[in-house]
There are 2 protein chains.
Amino acid sequence: MPHPSSPEVRAVTIRDVASLAGVSVGTASKALNGRGKLRQETRDRVVEAARQLGFRPNALARGLLSGRTFTVGLVTSDSFGRFSIPVMLGAEDALGAGQISVFMCDTRDDPIRERHHVQTLLARRVDGLLVTGRRTEPRPSIGADLPVPVVYAMTQSTDPGDLSVIPDDEGGGALAVGHLLATGRSRIAHIAGPSRFLAARQRAAGVHRALADAGLPLVGGEPLYGEWTEEWGRQGADILLRVEPDVDAIFCGNDQIARGVAETLRERGRRVPDDIALIGFDNWEAMALGSRPPLTTVDMSLGEVGRIAAEHLLAAIGGRPVTGGVQTIPCRLVVRESTGPRRDA
Amino acid sequence: MPHPSSPEVRAVTIRDVASLAGVSVGTASKALNGRGKLRQETRDRVVEAARQLGFRPNALARGLLSGRTFTVGLVTSDSFGRFSIPVMLGAEDALGAGQISVFMCDTRDDPIRERHHVQTLLARRVDGLLVTGRRTEPRPSIGADLPVPVVYAMTQSTDPGDLSVIPDDEGGGALAVGHLLATGRSRIAHIAGPSRFLAARQRAAGVHRALADAGLPLVGGEPLYGEWTEEWGRQGADILLRVEPDVDAIFCGNDQIARGVAETLRERGRRVPDDIALIGFDNWEAMALGSRPPLTTVDMSLGEVGRIAAEHLLAAIGGRPVTGGVQTIPCRLVVRESTGPRRDA
DNA sequence: GTGAAAGCGCTAACAT
DNA sequence: ATGTTAGCGCTTTCAC
């Protein structure tokens, strides 16, 4: 007696279809895959039989035969957090269009677990691997000489032969400053994340470049490096207002910092954006929209990062040669109320 | 010539291992799987050969033969958002221990996509399905009479024969009020999310029950239903302070509302928790920790929800009969600084 | 104790 | 135009 939750004792096979249609399995296969030379009437009969039986070809058997499974492994060290999710969704978009299913694996930042996952994925004969992370810092290659192509997204490999797709943090920093300049600000400061993060340093580098191009100094002389938290935003704003009271724009390392800054500015009686314009980074909507006023911010286009990475992977799987290196994806400015022209009281 | 990214022309098969060890494939199989009767020396020789060649048995072939693939499909309608991620990680935990890999599928709330994903997963011969969502509202069953077991997590099926695992929102509401009572509050109000959400209504029901048990009225008479936003928290607090100025505790429908409330209270000169205690819901750390003061909140134990759901699925896959129905997982109180004893100025 | 052979479900090459 | 057969990689009888 079948288990209650498995009403069908055995899945429908192509034999069943062939038998119902009164043809051989070979003919049924051709009919269903539109290959070979068959009478239209036969084709229809087989297709109808398949429909009637609810036939779905066994992907395992197909994979075993063809060597292609139409699956890829997605290995993340971010526990599918705030950054890897959008990347993942973008990737799924591109892969889903190619009828590819995705195995998800979370390494919890543990190299042992990572190795284990890669081994399992290879045993499942995935066609390729996508590696994502929380930080853009270079990380050790997931494995040399793997039998399948690998693309890194939102993280990069230390091996220059590997292909990595990451957001253009440097460009994002420059973009933010460019917007502040365009809206008439000239005394611009930067309250940044921790300097041990590559992303923080690169955003600062973008600030530097954009200001240098405009022939303006960075208010405060150097970026104020701290943490990625609101608490630091509040502190940083305090420090900044004390040292440079005539600042008229602050670019923050992320949206949380910007929120903290916004709070302190309000408490100190500085109006945003009338007195001081404010820009965040990440476009973390819950944060940026909850802030008063809602934050103008830099969006890293993480969906794009994932989509492009997946497209590279598909290309590599398809046999088109893929050259290693790092590809950066441009950031996108999202303008809200925290920036705008200066207005005197 | 092999493609540069596929250094191995062909993966290592058990034939290669057998050949290197100087035995037949059947013997090699037995040696590697610890089955049959073999001389220890033979066993060792085969294992050594496998190690040397880096042999990994082809999971497709195994699945084809055994009818078990050790894979499950995870179908979400939440785009892997804030709620389904923890569920997913909990599930991965339980499944990973069972050596099971997970296919992730995002339906984007589209029934067509959902059907398509289910079909694909069945074609891949997954051993079971896990369905997750963003809301606890009942949803149509993902498919009647599927050939594999299905468990719903963080969402529930309208079919009472299906098994669903969801957080105990009602208990969470009661838990919050219980904590407020225990810390000496008696004039408790509830600023809730939108009443169209089952979760909002259930949390309110928990509030109701806990207050009734204590013989106390709900300040304001009814919960103040609104939105899940900070903006609503600010508005709601305004309204509440106007109508019930002597409130001494506010339980909020989620952490965002609580943050909004906290801001308004601070601006109105009410100290938290000295004058008014505040509790949120969700334990969304970035929100709860960024708030001033950091929020006491109710954690839905989403990891547990996912883990339990996955364990039920494993049980069902293992053939143990699983009865339908809804299982609720208790919430957990996370105490931070926004609650504590009253203190007069 | 070990080897040979069948077969999981499917497709592709070869017969008819 | 259709049927037959071999074989993808593996496990499992069944001979020896």
Side-chain angles (χ1 to χ4, degrees), chain A residues 8-47 49-50 53-71 99 120 122-127 147, chain B residues 8-47 49-50 53-71 99 120 122-127 147:
Chain A
E8 298 170 30
V9 180
R10 195 176 53 78
V12 178
T13 77
I14 199 169
R15 282 185 107 89
D16 304 325
V17 174
S19 153
L20 177 59
V23 295
S24 73
V25 286
T27 304
S29 174
K30 282 170 212 150
L32 293 170
N33 294 297
R35 240 153 289 193
K37 302 198 173 305
L38 273 68
R39 246 188 3 234
Q40 187 58 42
E41 192 267 330
T42 313
R43 230 177 258 284
D44 295 344
R45 198 147 34 87
V46 173
V47 169
L53 268 53
F55 170 72
R56 303 246 76 205
N58 185 324
L60 279 70
R62 285 187 143 176
L64 187 54
L65 197 57
S66 67
R68 278 271 270 134
T69 55
F70 290 88
T71 61
Q99 301 279 38
T120 303
L122 292 179
R124 295 199 185 282
R125 297 301 186 261
V126 294
D127 296 330
Chain B
E8 298 169 28
V9 180
R10 195 176 54 76
V12 178
T13 76
I14 199 169
R15 283 184 106 90
D16 303 326
V17 175
S19 151
L20 177 59
V23 295
S24 72
V25 284
T27 304
S29 173
K30 283 168 209 151
L32 293 171
N33 294 296
R35 239 153 290 193
K37 302 200 171 303
L38 272 68
R39 247 188 3 231
Q40 187 58 39
E41 193 267 330
T42 313
R43 233 176 254 284
D44 295 345
R45 198 148 35 87
V46 173
V47 169
L53 267 51
F55 170 71
R56 300 247 77 203
N58 185 323
L60 281 76
R62 284 188 144 173
L64 187 54
L65 199 56
S66 68
R68 277 270 269 136
T69 56
F70 289 88
T71 61
Q99 301 277 42
T120 303
L122 292 179
R124 296 200 184 280
R125 297 301 187 261
V126 293
D127 296 331

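Residue numbers start from 1 in every chain, and the chains themselves are labelled A, B, ... in the order their sequence lines are given, proteins ahead of strands.
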Exercise. Would you say D16(A) and F55(A) make side-chain contact, with heavy atoms under 4.5 Å?
Worked result: no
Problem set entry | Terminal axes of the helix from dG1(C)-dC16(D) to dT16(C)-dA1(D) (five pairs each): angle between them, nearest 10 degrees | 60°
Exercise. What is the distance from CZ of R56(A) to C1' of dG9(C), rounded to the nearest Å?
Worked result: 15 Å
For this session: Scan residues 59-71 of chain B against DNA chain D and write down, sorted by residue number, each residue with any heavy atom closer than 4.0 Å; if none is found, say none.
Result: A61(B), R62(B), L65(B)
Exercise. So, for A49(A) and L20(A), which heavy atoms are closest and what is the spacing to 0.1 Å?
Worked result: CB-CD2, 3.8 Å
Problem set entry | Student check: side-chain heavy atoms of P57(B) and I14(B) closer than 4.5 Å | no
Problem set entry | With sequence neighbours excluded, residues passing side chain to side chain contact (heavy atoms under 4.5 Å, CB included) with Q40(B) | R43(B), D44(B)
Exercise. Is there a donor-acceptor pair closer than 3.5 Å between any side-chain N or O of D127(B) and the backbone N or O of R68(B)?
Worked result: no
For this session: Decide yes or no on side chain to side chain contact (heavy atoms under 4.5 Å, CB included) for T13(A) and N58(A), but give the supporting numbers first.
Result: CA-CA 8 Å; T13(A) 77; N58(A) 185 324; over 6 Å; no
Exercise. Which part of the nucleic acid does S29(B) contact within heavy-atom distance under 4.0 Å: base, sugar-phosphate only, or nothing?
Worked result: base
Enumerate all atom pairs, one protein N or O and one N or O from nucleotides 2-5 of chain C, separated by less than 3.5 Å.
unit_1: dT2(C); atom_1: OP1; unit_2: T42(B); atom_2: OG1; d: 2.7
unit_1: dT2(C); atom_1: OP2; unit_2: R39(B); atom_2: N; d: 3.0
unit_1: dT2(C); atom_1: OP2; unit_2: T42(B); atom_2: OG1; d: 3.0
unit_1: dG3(C); atom_1: OP2; unit_2: S24(B); atom_2: N; d: 2.9
unit_1: dG3(C); atom_1: OP2; unit_2: S24(B); atom_2: OG; d: 3.3
unit_1: dG3(C); atom_1: OP2; unit_2: T27(B); atom_2: OG1; d: 2.8
unit_1: dG3(C); atom_1: O6; unit_2: K30(B); atom_2: NZ; d: 2.7

For this session: Could you check if a side-chain atom of L122(A) sits within less than 4.5 angstrom of a side-chain atom of R56(B), using non-hydrogen atoms only?
Result: no
For this session: Can you measure from OG (S66(B)) to CZ (R125(B)) and round to the nearest 0.5 angstrom?
Result: 12.5 Å
Seminar exercise, completed: Residue set satisfying side chain to side chain donor-acceptor pair (under 3.5 Å) with R62(B), at least two apart, ordered chain then number -> N33(B)
For this session: Indicate the atoms forming the closest heavy-atom contact of R124(B) with T71(A), along with that distance.
Result: NH1-CG2, 3.5 Å
For this session: Round to the nearest Å and state the distance from L32(A) atom CG to dG9(C) atom P.
Result: 16 Å
Problem set entry | Range on DNA chain D touched by chain B - first to last nucleotide, heavy-atom distance under 4.0 Å | dG9(D) to dT13(D)
Exercise. Would you say a side-chain N or O of R35(A) is under 4.0 Å from OP1 or OP2 of dA12(C)?
Worked result: yes
For this session: List the atom of V47(B), the atom of L32(B), and the distance in Å for their closest heavy-atom pair.
Result: CA-CD2, 4.2 Å
Seminar exercise, completed: In short, A61(B) meets L64(A) closest at the heavy-atom pair CB-CD1, 4.0 Å
For this session: May I ask you to test the T69(A)-L60(B) pair for a side-chain heavy-atom distance under 4.5 Å?
Result: yes
